[in-house]
Amino acid sequence: MPDTSVLNGKKAKYYTLGCKLNYAETAAFARQLRALGVAPAGQRETADICLVNTCAVTETAAAKCRQTIHRVIRRNPGAFVVVTGCFAQLFPSAVAAIEGVSLVLGNNEKARLTEYLTEAYMARMAGQTSVRTALYTTKTKDITSFAPSCSRGNRTRYFLKVQDGCNYFCTYCAIPFARGRSRNPSIASLVEQAEQAASEGAREIVLTGVNIGDFGRTGGERFLDLLCALERVEGIDRYRISSLEPDLLDEEIIEFCARESRKFMPHFHIPLQSGTDEVLRLMHRRYDTELFARKVSYIKSLLPDAFIGVDVMTGCRGETEKLFDDCYEFIRSLPVSKLHVFPYSERPDTAALRIPYVVSEREKHRRTNLLIALSDGKQHEFYASFMGAVRPVLFERAGRDGIFHGFTDNYIRAELPSYPSKVRANESTSSLDAECSRSSTIVKDNLDNRIINVRLTRFNGDGSALECVPVD
């Protein structure tokens with residue numbers, strides 16, 4: 001085993017691009033290095049070690065990875081730069097060729113980050129310069145490792161990685177080529193990580209992964225069994241499920257969250273990608289619009305207050321203007337709360353490249369803006385429907401603006417000033433305004449990581465959250 005003491009006393013910076021899963025993994029990497037004596041570098045300090053966890057889901061993401069790597073090297077001269085993640089897995093030689101990159105790890109190798117880092121760092125100290133960049137990757141079909149992660153990073157919420165990889169191979173998606181096949185740890189190991197998080201003061205855990213509804217692909221356990229086991233972990237008050245494919249969102253899961261669980265929040269995120277069956281078939285998605293609408297309707301029938309987020313892609317190959325119009329109308333008809341909209345990006349070696357109809361970048365931009373506007377309207381309507389309601393909020397510490405931020409159980413962003421609130425000029429003094437105005441000493445204690453009941457009063461200045469006041 002390499003001598004990890006060579007890392008003791010070093011300072012590191014961490015950079016993450018992409019999904020929540022990447023952020024969870026980066027937090028786990030930082031935790032591992034902290035255990036070896038590696039401290040986080042200050043914002044204005046030059047780091048000894050820099051780790052960049054990359055994304056390659058779109059060409060824009062890949063470009064940002066390249067830019068970030070170059071910026072990190074420029075701002076931390078002489079640092080030992082490690083690049084891992086999906087961009088490193090798909091384009092390892094290109095990453096290794098960047099002047100200043102010291103170590104490239106594919107997605108199979110990052111589970112042994114500290115081992116590879118220590119070996120490469122020792123070689124550098126010993127002056128072994130025959131190979132400028134150490135490069136370790138595995139062919140996608142041979143990716144079998146699972147890097148555990150249950151970390152908070154700088155967030156109030158913990159993120160628990162319950163699954164990795166994907167077997168779906170949708171025509172537009174490069175993730176199976178970057179992450180490998182679906183795999184997961186045991187329920188027992190995940191419960192143990194949740195218990196550890198609870199001992200550290202965690203109140204809320206978000207379940208993350210690439211296709212978490214496929215949990216059980218390795219080990220033979222069911223996703224619902226995992227939810228039931230996590231429900232019994234003492235000390236955790238809240239769980240959220242980051243994303244569930246509609247074909248894997250069983251009615252049993254919805255019923256468990258609605259009728260049996262006290263801890264799984266009324267909050268679902270369901271990838272749609274397109275609101276027309278023709279495009280869904282071109283994408284090789286495993287459901288149709290009728291199934292999707294039925295799942296949304298069933299959630300709302302059991303959990304009428306539930307927040308439902310939806311992923312949707314614009315401008316996929318084959319999406320004619322008529323098909324987009326049909327998609328827009330389908331989404332407009334759904335009782336969903338928010339859309340995560342992103343334009344289609346062509347990825348190398350994906351089957352979508354064989355679809356003949358190509359949407360121009362200008363048209364993708366137009367369609368994206370239309371759906372973002374639709375999303376803004378739906379979120380505003382959802383938030384407005386809860387003005388005056390009392391909901392529990394898990395708060396984070398106040399920022400420099402003196403405002404505590406948090407989310408209700410059904411994922412409404414709430415703001416609570418820690419200083420006297422004033423009625424805005426030209427604003428009517430309704431009963432809710434008056435209640436907010438009277439809160440001249442709303443909070444004196446630090447509400448970080450505390451759950452309290454609040455009354456949601458009105459929109460904040462930019463409409464991104466609802467202001468609130470505590471309820472005794």
Side-chain angles (χ1 to χ4, degrees), residues 19-21 57-58 166 168 170 172-173 175 206-213 240-251 253-254 257-258 264-316 319 323-345 364 367-386 407-408 410-413 464:
C19 61
K20 290 180 180 178
L21 178 56
V57 68
T58 65
C166 186
Y168 273 25
C170 299
Y172 57 84
C173 186
I175 295 304
V206 181
L207 309 187
T208 67
V210 176
N211 185 2
I212 64 178
R240 297 188 192 274
I241 301 169
S242 62
S243 181
L244 273 177
E245 292 287 324
D247 54 302
L248 298 176
L249 179 54
D250 297 335
E251 290 188 356
I253 295 172
I254 300 170
C257 294
F264 279 85
M265 297 294 97
H267 173 198
F268 292 86
H269 191 93
I270 318 171
L272 171 62
Q273 309 307 6
S274 175
T276 63
D277 292 342
E278 292 90 338
V279 176
L280 289 174
R281 284 193 292 270
L282 289 174
M283 292 177 166
H284 288 181
R285 300 294 284 169
R286 302 187 180 195
Y287 53 88
D288 57 19
T289 53
E290 190 277 331
L291 181 145
F292 192 93
R294 189 171 70 248
K295 294 297 175 72
V296 170
S297 177
Y298 194 60
I299 290 171
K300 283 295 188 178
S301 70
L302 298 185
L303 292 163
D305 292 349
F307 181 102
I308 301 178
V310 173
D311 289 338
V312 60
M313 181 186 298
T314 60
C316 184
E319 185 188 62
L323 289 175
F324 171 75
D325 291 342
D326 292 344
C327 170
Y328 182 94
E329 289 303 318
F330 174 73
I331 295 172
R332 189 172 67 85
S333 72
L334 295 174
V336 298
S337 313
K338 186 177 182 179
L339 308 177
H340 176 209
V341 187
F342 53 100
Y344 164 71
S345 178
K364 287 181 194 175
R367 297 178 188 183
T368 298
N369 286 341
L370 284 173
L371 285 177
I372 289 174
L374 178 62
S375 175
D376 290 345
K378 282 185 173 291
Q379 183 172 341
H380 188 278
E381 181 181 1
F382 182 77
Y383 276 26
S385 68
F386 290 94
F407 286 94
T408 65
N410 60 340
Y411 210 58
I412 293 172
R413 186 168 179 80
S464 64

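In this text the structure is predicted, and so the values were computed from the model without any measurement.
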**Asked** Which is it for Phe382 and Phe307 under the ring-ring contact (aromatic ring centres under 6.0 Å, His included) test, yes or no, and what are the steps along the way?
**Response** CA-CA 8 Å; Phe382 182 77; Phe307 181 102; 5.5 Å; yes
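- At least one side-chain heavy atom of Ser243 sits under 4.5 Å from a side-chain heavy atom of Pro271.
- The shortest distance between side-chain heavy atoms of Leu374 and Tyr328 falls below 4.5 Å.
- The nearest pair of heavy atoms linking Val210 to Cys166 is CG1-CB, 3.9 Å.
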**Request:** Kindly determine whether Glu278 and Glu319 satisfy side chain to side chain contact (heavy atoms under 4.5 Å, CB included), including the steps that lead there.
**Result:** CA-CA 8 Å; Glu278 292 90 338; Glu319 185 188 62; over 6 Å; no
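- In this structure, the separation between OG1 on Thr368 and CG on Leu339 is 11.5 Å, given to the nearest 0.5 Å.
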**Prompt:** Would Asn410 and Phe386 count as a side chain to side chain contact (heavy atoms under 4.5 Å, CB included) if you check the C-alpha gap in whole Å, the side-chain angles of each, and the deciding distance to 0.1 Å?
**Reply:** CA-CA 10 Å; Asn410 60 340; Phe386 290 94; 3.3 Å; yes
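- Closest of all the heavy-atom pairs between Tyr383 and Ser464 is CE2-O, 3.7 Å.
- Inter-residue side-chain proximity for Asp305 and Pro266 is flagged as unmet; no heavy-atom pair is nearer than 4.5 Å.
- Counting only distance, with no hydrogens or angles, the side chain of Ser301 and the backbone of Tyr298 share a donor-acceptor pair below 3.5 Å.
- In this structure, Ile253 and Leu248 approach most closely via the heavy-atom pair CD1-O, 3.7 Å.
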**Message:** Quick one, Asp326 with Thr276, criterion side chain to side chain donor-acceptor pair (under 3.5 Å). Give me CA distance, side-chain angles, the key distance, then yes/no.
**Reply:** CA-CA 6 Å; Asp326 292 344; Thr276 63; over 6 Å; no
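- With sequence neighbours left out, Leu334 forms a side chain to side chain contact (heavy atoms under 4.5 Å, CB included) with Phe292, Ala293, Phe330, Val336.
- Proximity of Tyr411 to Arg240: side-chain heavy atoms (C-beta onward) are separated by under 4.5 Å at one or more points.
- The ring pair (Phe, Tyr, Trp, His ring centres under 6.0 Å) test applied to Phe324 returns no partner, not counting sequence neighbours.
- Contacts of Asp250 classified as side-chain hydrogen bond (donor to acceptor under 3.5 Å, both in side chains), with partners at least two apart in sequence or in another chain: none.
- Ser337 is not listed as a side-chain neighbour of Gln379, based on a closest heavy-atom distance of 4.5 Å or more.
- Residue Asp277 comes nearest to Thr289 through the heavy atom pair OD1-N, 2.8 Å, listed as atom of the first residue, atom of the second, then distance.
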**Prompt:** Under the side chain to side chain donor-acceptor pair (under 3.5 Å) criterion, do Asp311 and His340 qualify, and how do the steps go?
**Reply:** CA-CA 5 Å; Asp311 289 338; His340 176 209; 3.1 Å; yes
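- Contact check for Ile331 versus Val310: no side-chain heavy atoms found under the 4.5 Å cut-off.
- Remark: the backbone N or O of Pro246 is paired with a side-chain donor or acceptor of Lys295 at under 3.5 angstrom.
- Side-chain atoms of Leu249 and Ile299, non-hydrogen and from C-beta on, do get closer than 4.5 Å to each other.
- In this structure, Arg286 is positioned above the aromatic face of Tyr168, its NZ or CZ under 6.0 Å from the six-membered ring centre and within 45° of the axis.
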**Message:** I'd like to know whether Thr208 forms a side chain to side chain donor-acceptor pair (under 3.5 Å) with Ser242, so could you lay out the CA-CA distance, the side-chain angles of the two residues, the decisive distance to 0.1 Å, and finally the verdict.
**Reply:** CA-CA 6 Å; Thr208 67; Ser242 62; 5.7 Å; no
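- Between Met283 and Val279, some side-chain heavy-atom pair lies under the 4.5 Å cut-off.
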**side chain to side chain contact (heavy atoms under 4.5 Å, CB included) between Gln273 and Arg285, worked out** = CA-CA 9 Å; Gln273 309 307 6; Arg285 300 294 284 169; 3.7 Å; yes
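- At distances below 3.5 Å, not a single donor-acceptor pair connects side-chain atoms of Ser345 with backbone N or O atoms of Thr58.
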**Prompt:** Under the side chain to side chain contact (heavy atoms under 4.5 Å, CB included) criterion, do Phe264 and Ile241 qualify, and how do the steps go?
**Reply:** CA-CA 8 Å; Phe264 279 85; Ile241 301 169; 4.1 Å; yes
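- Taking every heavy atom of both residues into account, Ala306 and Lys300 meet most closely at O-NZ, 2.8 Å.
- By the 6.0 Å contact criterion, NZ on Lys338 is open, its count of non-hydrogen atoms from other residues, nucleotides or ligands being 12 or less.
- Under 4.0 Å is where a charged nitrogen must lie from a carboxylate oxygen, and between Glu329 and Arg332 at least one such pair does.
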